[in-house]
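Right, one structure below, let's go through it.
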Amino acid sequence: MKFLTNSLKVTFLLLTVLFLNGCSGDEDSDETTANIQGVWQLGRMYGTANYNGMNANLDGDSEGTMEFKANGTYDSNIISAYLTVSIPALNYSETTPIEASTTSGEYYYDEITDDLDIDGEMSKVVVLNANFMKIKTLINDSGVTGELFTEYHR
(Lines give C-alpha, C1' and ligand atoms only; values in the text may rest on other atoms or scores of the structure.)
Protein backbone atom coordinates (compact mmCIF):
# COMPACT_ATOMS: atom_id res chain seq x y z
CA MET A 1 0.00 0.00 0.00
CA LYS A 2 2.88 2.37 0.75
CA PHE A 3 4.07 2.13 -2.88
CA LEU A 4 0.60 3.00 -4.17
CA THR A 5 0.31 5.90 -1.77
CA ASN A 6 3.76 7.25 -2.69
CA SER A 7 3.06 6.97 -6.43
CA LEU A 8 -0.25 8.76 -6.06
CA LYS A 9 1.36 11.35 -3.80
CA VAL A 10 4.04 12.12 -6.41
CA THR A 11 1.41 12.26 -9.15
CA PHE A 12 -0.76 14.50 -6.97
CA LEU A 13 2.13 16.86 -6.28
CA LEU A 14 2.72 17.28 -10.01
CA LEU A 15 -0.96 17.72 -10.70
CA THR A 16 -1.63 20.13 -7.88
CA VAL A 17 0.77 22.55 -9.46
CA LEU A 18 -1.35 22.31 -12.57
CA PHE A 19 -4.91 22.46 -11.40
CA LEU A 20 -7.58 24.45 -9.56
CA ASN A 21 -11.19 24.12 -8.22
CA GLY A 22 -14.51 25.61 -9.11
CA CYS A 23 -18.03 26.33 -8.10
CA SER A 24 -20.29 27.97 -10.64
CA GLY A 25 -23.69 27.35 -12.12
CA ASP A 26 -21.96 26.37 -15.38
CA GLU A 27 -19.78 23.63 -13.84
CA ASP A 28 -21.45 20.72 -15.57
CA SER A 29 -21.32 22.20 -19.05
CA ASP A 30 -18.64 20.45 -21.11
CA GLU A 31 -17.66 23.60 -22.92
CA THR A 32 -14.47 25.56 -23.27
CA THR A 33 -15.78 29.06 -23.80
CA ALA A 34 -13.31 31.24 -21.92
CA ASN A 35 -9.64 32.14 -21.82
CA ILE A 36 -7.39 30.14 -19.49
CA GLN A 37 -5.33 33.21 -18.65
CA GLY A 38 -5.75 34.78 -15.24
CA VAL A 39 -5.74 33.80 -11.59
CA TRP A 40 -7.57 30.62 -10.58
CA GLN A 41 -8.34 29.35 -7.07
CA LEU A 42 -7.28 25.77 -6.33
CA GLY A 43 -10.00 23.38 -5.22
CA ARG A 44 -11.37 19.84 -5.31
CA MET A 45 -9.56 16.84 -6.80
CA TYR A 46 -11.09 13.42 -7.44
CA GLY A 47 -10.65 10.37 -9.61
CA THR A 48 -9.95 6.68 -9.80
CA ALA A 49 -6.82 4.57 -10.04
CA ASN A 50 -5.89 0.93 -10.45
CA TYR A 51 -2.84 -0.82 -9.04
CA ASN A 52 -2.30 -4.57 -9.50
CA GLY A 53 -6.00 -5.08 -10.21
CA MET A 54 -7.16 -3.17 -7.15
CA ASN A 55 -9.41 -0.16 -7.72
CA ALA A 56 -8.76 2.97 -5.70
CA ASN A 57 -10.79 6.13 -5.25
CA LEU A 58 -9.02 9.48 -5.02
CA ASP A 59 -10.48 12.49 -3.25
CA GLY A 60 -8.82 15.65 -2.09
CA ASP A 61 -8.90 19.38 -1.75
CA SER A 62 -6.40 22.20 -2.05
CA GLU A 63 -6.12 25.86 -1.21
CA GLY A 64 -4.03 28.36 -3.13
CA THR A 65 -3.79 30.01 -6.53
CA MET A 66 -2.59 29.31 -10.05
CA GLU A 67 -1.98 32.14 -12.48
CA PHE A 68 -1.73 31.47 -16.21
CA LYS A 69 -0.01 34.48 -17.81
CA ALA A 70 -0.35 35.76 -21.39
CA ASN A 71 3.39 35.14 -22.03
CA GLY A 72 3.02 31.35 -21.57
CA THR A 73 4.31 31.20 -17.99
CA TYR A 74 2.48 30.30 -14.79
CA ASP A 75 2.89 30.86 -11.06
CA SER A 76 1.44 28.38 -8.56
CA ASN A 77 1.08 28.94 -4.82
CA ILE A 78 -0.21 25.95 -2.84
CA ILE A 79 -1.14 26.96 0.70
CA SER A 80 -2.48 23.58 1.82
CA ALA A 81 -3.74 20.36 0.28
CA TYR A 82 -4.51 16.73 0.96
CA LEU A 83 -5.30 13.59 -1.00
CA THR A 84 -7.24 10.61 0.33
CA VAL A 85 -6.68 7.22 -1.31
CA SER A 86 -9.37 4.61 -0.59
CA ILE A 87 -9.27 0.97 -1.68
CA PRO A 88 -12.73 -0.47 -0.95
CA ALA A 89 -11.74 -4.11 -1.55
CA LEU A 90 -9.23 -3.86 1.29
CA ASN A 91 -11.31 -1.56 3.50
CA TYR A 92 -8.28 0.76 3.35
CA SER A 93 -8.11 4.54 3.38
CA GLU A 94 -5.19 6.92 3.91
CA THR A 95 -5.07 10.70 3.78
CA THR A 96 -1.79 12.33 2.82
CA PRO A 97 -1.20 16.03 3.48
CA ILE A 98 0.62 17.90 0.71
CA GLU A 99 3.18 20.49 1.74
CA ALA A 100 2.82 24.15 0.83
CA SER A 101 4.86 25.16 -2.21
CA THR A 102 5.43 27.91 -4.75
CA THR A 103 6.25 26.99 -8.35
CA SER A 104 6.74 28.80 -11.65
CA GLY A 105 7.15 27.42 -15.15
CA GLU A 106 5.83 27.34 -18.68
CA TYR A 107 2.51 26.18 -20.10
CA TYR A 108 0.82 25.86 -23.47
CA TYR A 109 -2.93 25.59 -23.94
CA ASP A 110 -4.29 24.50 -27.34
CA GLU A 111 -7.75 26.06 -27.59
CA ILE A 112 -8.74 23.77 -30.47
CA THR A 113 -7.89 20.40 -28.88
CA ASP A 114 -8.14 21.56 -25.23
CA ASP A 115 -4.73 19.99 -24.55
CA LEU A 116 -2.85 21.64 -21.68
CA ASP A 117 0.92 21.18 -21.40
CA ILE A 118 2.41 22.38 -18.12
CA ASP A 119 6.16 21.90 -17.92
CA GLY A 120 5.89 18.88 -20.26
CA GLU A 121 3.01 17.20 -18.38
CA MET A 122 -0.07 16.76 -20.60
CA SER A 123 -3.66 17.14 -19.43
CA LYS A 124 -7.04 17.86 -21.02
CA VAL A 125 -9.24 20.85 -20.18
CA VAL A 126 -12.74 19.36 -20.07
CA VAL A 127 -14.62 22.44 -18.85
CA LEU A 128 -13.52 26.08 -19.13
CA ASN A 129 -15.85 29.01 -18.71
CA ALA A 130 -15.61 32.45 -17.12
CA ASN A 131 -15.74 31.11 -13.54
CA PHE A 132 -14.88 27.41 -13.61
CA MET A 133 -12.27 25.07 -15.06
CA LYS A 134 -11.98 21.26 -14.79
CA ILE A 135 -8.85 19.47 -15.97
CA LYS A 136 -8.41 15.71 -16.50
CA THR A 137 -4.98 14.17 -16.14
CA LEU A 138 -4.26 10.54 -16.93
CA ILE A 139 -2.18 8.66 -14.35
CA ASN A 140 0.35 6.15 -15.64
CA ASP A 141 3.22 5.95 -13.16
CA SER A 142 4.98 2.98 -11.55
CA GLY A 143 2.19 0.53 -12.34
CA VAL A 144 -0.60 2.88 -11.24
CA THR A 145 -3.10 3.88 -13.94
CA GLY A 146 -6.20 6.02 -13.74
CA GLU A 147 -7.46 9.55 -14.08
CA LEU A 148 -7.54 12.57 -11.82
CA PHE A 149 -9.88 15.53 -12.22
CA THR A 150 -8.94 18.89 -10.73
CA GLU A 151 -11.37 21.77 -10.43
CA TYR A 152 -10.63 25.50 -10.25
CA HIS A 153 -12.68 28.66 -9.84
CA ARG A 154 -12.16 32.38 -10.19
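Residue numbers run from 1 in the order of the sequence given.
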Inset, instruction - Decide side chain to side chain donor-acceptor pair (under 3.5 Å) for Thr103 and Ser76; before the verdict, give the C-alpha distance in whole Å, the side-chain angles of both, and the deciding distance to 0.1 Å. - result: CA-CA 5 Å; Thr103 309; Ser76 172; 5.1 Å; no
Legend entry - Evaluation steps, side chain to side chain contact (heavy atoms under 4.5 Å, CB included), between Ile78 and Leu42: CA-CA 8 Å; Ile78 299 170; Leu42 294 167; 3.9 Å; yes
Legend entry - Residue pair Glu94, Thr84: steps toward the side chain to side chain contact (heavy atoms under 4.5 Å, CB included) verdict: CA-CA 6 Å; Glu94 182 177 332; Thr84 300; over 6 Å; no
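With sequence neighbours excluded, no residue forms a side-chain hydrogen bond (donor to acceptor under 3.5 Å, both in side chains) with Thr145. Residues satisfying the side-chain hydrogen bond (donor to acceptor under 3.5 Å, both in side chains) criterion with Asn71, sequence neighbours excluded, are Thr73. Contacts of Asp75 classified as side-chain hydrogen bond (donor to acceptor under 3.5 Å, both in side chains), with partners at least two apart in sequence or in another chain: Lys69, Ser104.
Residues Glu147 and Thr48 have side chains in contact (heavy-atom distance under 4.5 Å, counting atoms from C-beta outward). Under the 4.5 Å side-chain criterion, counting only non-hydrogen atoms from C-beta, Trp40 is not in contact with Glu67. Looking only at side-chain heavy atoms (C-beta outward), Phe68 and Ile118 come within less than 4.5 Å of each other. In this structure, Ile36 and Met133 have side chains that are in contact, with non-hydrogen atoms separated by less than 4.5 Å. Thr150 is not listed as a side-chain neighbour of Lys134, based on a closest heavy-atom distance of 4.5 Å or more.
With rounding to the nearest 0.5 Å, the separation of CG in Leu83 from CG in Asp59 is 8.0 Å. Taken to the nearest 0.5 Å, the OG atom of Ser123 stands 8.0 Å off from the CG atom of Leu138. With rounding to the nearest 0.5 Å, the separation of OG in Ser86 from CG in Leu58 is 8.5 Å. Note that the CG atom of Leu90 and the CG atom of Asn55 stand 10.5 Å from one another [nearest 0.5 Å]. Distance CD/Gln37 to OH/Tyr107: 4.5 Å, rounded to 0.5 Å. The CE atom of Met45 sits 7.5 Å away from atom OH of Tyr82, with the distance rounded to the nearest 0.5 Å.
Side chain of Asp119 to main chain of Glu106: a donor-acceptor pair is present (N/O by atom type, distance under 3.5 Å, no hydrogens or angles).
Taking the six-membered ring for Trp and thresholds of 30 and 60 degrees, Phe149 and Tyr46 have nearly parallel ring planes, at less than 30 degrees apart.
Heavy atoms only, all atoms of each residue included: Ala34 and Ala130 are closest at CB-N, 3.6 Å. Between Val127 and Phe132, the shortest heavy-atom contact is CG1-CD2, 3.6 Å. Nearest heavy atom pair, residue Val144 against residue Ala49, reads CG1-CB, 4.0 Å. The shortest non-hydrogen separation linking Thr65 to Gln41 is CG2-NE2, 3.6 Å. Closest heavy-atom contact between Tyr109 and Leu116: CB-CD1, 4.0 Å. The shortest non-hydrogen separation linking Val85 to Ala56 is CG1-CB, 4.2 Å.
Under the salt bridge (charged side-chain N to carboxylate O under 4.0 Å, His left out) test applied with Lys124, the options Asp117, Asp110, Asp115, Asp114 reduce to a single match, Asp115.
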